[in-house]
Peer 1: 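Encoded as structure tokens, here's the structure I'll be asking about.
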Amino acid sequence: MKLPFPLAEEPDEMSHETGRKLFAGEVDFLKGVVAMSGLPPDDRVEVCFAGRSNVGKSSLINAITGRKALARASNTPGRTQEINFFTLGDMGYLVDLPGYGFANAPLHIVEKWQALLKQYLSGRASLRRAFVLVDSRHGIKAVDEEIMTLLDKSAVTFQVVLTKADKIKPTQYDALLDQVRGKLAKHPAAYPELIMTSSEKGDGIATLRSIIAGIS
């Protein structure tokens, strides 16, 4: 019996090279957006990264792009308050969404971020896939399910990327995957494949690159 939401397989040689070439080319910060009116034209494919504050989103973006400081990592949850657009050559956009689940941010800022997220996710025609990052140490939390439900309603396909896989013991993998698979079964927009990564160790980075390169 095939498990639902299997782990993505390592890319074959051709897919690996396609992904490597995409991110070996020019990857540049384009702009930070605080309102829908500031979005760049939706004239190319884009993928976005969403995740709770401190999930390791900036570190993962830096790892897949091979740039140490492209995305700004911060020790202060909720510091990234903009939708940040990065160009992948002329091929597309990689979009870094504001972190969510931040307990220390003022309520009016939280509400503003949430409104911007909802507008972007429900109204961006060129958005092909959202990568929802989930901390391997904690699994899917209620705040993660909120964004997943929003993606369901917006008919935006999303794929779960498990981060910080090096921070848990191999004996904990099965329990983690069971929890994640159980939660995802309720979400029709969930892409039926998981990616397990470690920005620190480099695990899953080539897989994620090849998946992004294959989206059109």
Side-chain angles (χ1 to χ4, degrees), residues 3 5-29 45-75 77 79-80 84-89 91-97 99 128-140 144 158-181 184 190-216:
L3 284 170
F5 300 98
L7 287 172
E9 295 182 0
E10 289 280 327
D12 59 32
E13 189 174 340
M14 183 178 294
S15 298
H16 184 286
E17 183 62 9
T18 301
R20 187 197 68 77
K21 281 184 175 179
L22 175 62
F23 289 97
E26 289 188 18
V27 181
D28 297 304
F29 174 72
V45 171
E46 63 193 62
V47 297
C48 70
F49 283 72
R52 289 187 297 109
S53 296
N54 277 0
V55 75
K57 180 157 55 67
S58 295
S59 297
L60 184 66
I61 290 173
N62 289 337
I64 64 172
T65 59
R67 276 77 170 175
K68 290 184 178 179
L70 186 70
R72 292 170 294 178
S74 170
N75 292 324
R79 186 174 176 182
T80 305
N84 289 313
F85 279 78
F86 301 91
T87 56
L88 300 176
M91 297 290 293
Y93 293 127
L94 187 154
V95 185
D96 181 12
L97 299 181
R128 293 293 184 270
R129 189 173 305 177
F131 291 97
V132 177
L133 277 51
V134 172
D135 192 321
S136 294
R137 300 171 297 179
H138 307 301
I140 292 176
D144 297 312
F158 70 87
Q159 187 164 9
V160 164
V161 178
L162 295 162
T163 63
K164 305 184 182 182
D166 58 306
K167 305 299 183 187
I168 65 171
K169 298 176 182 177
T171 53
Q172 297 174 292
Y173 284 1
D174 287 347
L176 166 67
L177 294 173
D178 284 346
Q179 191 263 2
V180 170
R181 286 165 175 153
L184 289 181
Y191 188 84
E193 197 173 66
L194 306 174
I195 309 168
M196 187 169 278
T197 66
S198 165
S199 300
E200 197 170 301
K201 304 289 186 182
D203 298 339
I205 300 303
T207 301
L208 183 51
R209 284 173 177 163
S210 69
I211 287 171
I212 293 172
I215 292 172
S216 60

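What's counted below: heavy atoms across the whole structure, side chains too, no hydrogens, waters or symmetry copies.
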Peer 1: Is the side chain of Thr163 donor-acceptor paired with the backbone N or O of Val55 at a distance under 3.5 Å, no angle test?
Peer 2: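 Yes: the side chain of Thr163 pairs with the backbone of Val55.
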
Peer 1: Kindly compute the distance separating NZ (Lys57) from CG (Leu133), expressed to the nearest 0.5 Å.
Peer 2: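 Nearest 0.5 Å value for the NZ-CG distance: 8.0 Å.
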
Peer 1: May I ask you to decide if Phe5's main-chain N or O and Arg181's side chain share a donor-acceptor pair within less than 3.5 Å?
Peer 2: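 It does hold such a pair.
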
Peer 1: Just by distance, do the side chain of Glu17 and the backbone of Met14 share a donor-acceptor pair under 3.5 Å?
Peer 2: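 No, Glu17 side chain to Met14 backbone: no donor-acceptor pair under 3.5 Å.
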
Peer 1: Are the side chains of Leu88 and Tyr93 in touch, meaning some heavy atoms are under 4.5 Å apart?
Peer 2: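 Side-chain contact under 4.5 Å: no.
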
Peer 1: I need the minimum non-hydrogen distance between Leu97 and Cys48, along with the two atoms involved.
Peer 2: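 Closest approach of Leu97 to Cys48: CD1-SG, 3.8 Å.
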
Peer 1: Between the side chain of Gln159 and the main-chain N/O of Glu193, is any donor-acceptor distance below 3.5 Å?
Peer 2: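 Between the backbone of Glu193 and the side chain of Gln159 there is a qualifying donor-acceptor contact (under 3.5 Å).
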
Peer 1: Compare every heavy atom of Leu22 with every heavy atom of Val27, then report the nearest pair and how far apart it is.
Peer 2: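 Of all heavy-atom pairs spanning Val27 and Leu22, the closest is CG2-O, 4.5 Å.
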
Peer 1: Does a salt bridge link Arg129 with Glu46, judged by any charged N lying under 4.0 Å from a carboxylate O?
Peer 2: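 A salt bridge is absent here (no side-chain N lies under 4.0 Å from a carboxylate O).
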
Peer 1: May I ask you to test the Phe23-Ile212 pair for a side-chain heavy-atom distance under 4.5 Å?
Peer 2: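 In short, these two side chains touch, coming nearer than 4.5 Å.
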
Peer 1: Between Leu60 and Val161, is the side chain to side chain contact (heavy atoms under 4.5 Å, CB included) condition met? List the steps.
Peer 2: CA-CA 10 Å; Leu60 184 66; Val161 178; 3.9 Å; yes

Peer 1: Any side-chain donor paired with an acceptor under 3.5 Å for Ser59 and Asn62?
Peer 2: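 There is no such pair between these side chains.
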
Peer 1: Asn54 and Lys164: which non-hydrogen atoms are nearest, and at how many Å?
Peer 2: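 Asn54 and Lys164 have their closest heavy atoms at O-NZ, 2.8 Å.
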
Peer 1: Is Arg67 reaching over with its side chain to a backbone N or O of Thr65, donor-acceptor style, under 3.5 angstrom?
Peer 2: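 Yes; at least one donor-acceptor contact below 3.5 Å.
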
Peer 1: Evaluate the criterion salt bridge (charged side-chain N to carboxylate O under 4.0 Å, His left out) for residue pair Arg137 and Asp135; output intermediate values, then yes/no.
Peer 2: CA-CA 5 Å; Arg137 300 171 297 179; Asp135 192 321; 2.8 Å; yes

Peer 1: Please walk me through it: do Asp203 and Ser198 pass side chain to side chain donor-acceptor pair (under 3.5 Å)?
Peer 2: CA-CA 5 Å; Asp203 298 339; Ser198 165; 4.7 Å; no

Peer 1: Any idea which heavy atoms bring Leu176 and Ser136 closest together, and the distance?
Peer 2: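 The answer is CD1-O, 3.5 Å.
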
Peer 1: Taking all atoms of both residues into account, what is the closest heavy-atom pair of Ile140 and Gln179, and its distance?
Peer 2: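 Residues Ile140 and Gln179, closest heavy atoms: O-NE2, 2.8 Å.
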
Peer 1: As an exercise, state the distance from CD of Glu13 to OG1 of Thr18, rounded to the nearest 0.5 Å.
Peer 2: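 So the gap between those two atoms works out to 10.5 Å.
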
Peer 1: Is there side-chain contact between Met196 and Leu177, with at least one heavy-atom pair below 4.5 Å?
Peer 2: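 Met196 reaches Leu177 side chain to side chain.
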
Peer 1: Do Val180 and Leu194 have side-chain heavy atoms sitting under 4.5 Å apart?
Peer 2: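 In short, these two side chains touch, coming nearer than 4.5 Å.
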
Peer 1: From Asp166 CG over to Glu200 CD, what is the distance, rounded to the nearest 0.5 angstrom?
Peer 2: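 The CD atom of Glu200 is 5.0 Å from CG of Asp166, to the nearest 0.5 Å.
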
Peer 1: For the atom pair CG (Leu94) and OG1 (Thr87), what is the distance rounded to the nearest 0.5 Å?
Peer 2: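 The distance works out to 10.0 Å.
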
Peer 1: Distance-only, no hydrogens or angles: does the Ser15 side chain make a donor-acceptor pair with backbone N or O of Pro11 under 3.5 Å?
Peer 2: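 No, because the side chain of Ser15 does not come within donor-acceptor range (under 3.5 Å) of the backbone of Pro11.
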
Peer 1: When you compare the side chain of Glu10 with that of His16, does any pair of heavy atoms fall below 4.5 Å?
Peer 2: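 The answer is no; the side chains never approach within 4.5 Å.
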
Peer 1: Can you tell me how far apart CG (Asn84) and CZ (Phe29) are? Round to the nearest 0.5 Å.
Peer 2: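 One finds 4.5 Å between CG of Asn84 and CZ of Phe29.
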
Peer 1: Counting C-beta onward and ignoring hydrogens, is there a side-chain heavy-atom pair between Ile215 and Val47 closer than 4.5 Å?
Peer 2: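 SC-SC contact between Ile215 and Val47 confirmed.
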
Peer 1: So, do Leu184 and Phe158 sit near enough that their side-chain heavy atoms are less than 4.5 Å apart?
Peer 2: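 Yes. Closest side-chain heavy atoms under 4.5 Å.
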
Peer 1: Of all heavy-atom pairs between Ser199 and Gly56, which one has the smallest distance, and what is that distance?
Peer 2: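 Looks like OG-O, 4.5 Å.
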
Peer 1: Rounded to the nearest 0.5 Å, how far apart are CD1 of Ile195 and CZ of Phe131?
Peer 2: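 That separation rounds to 5.5 Å.
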
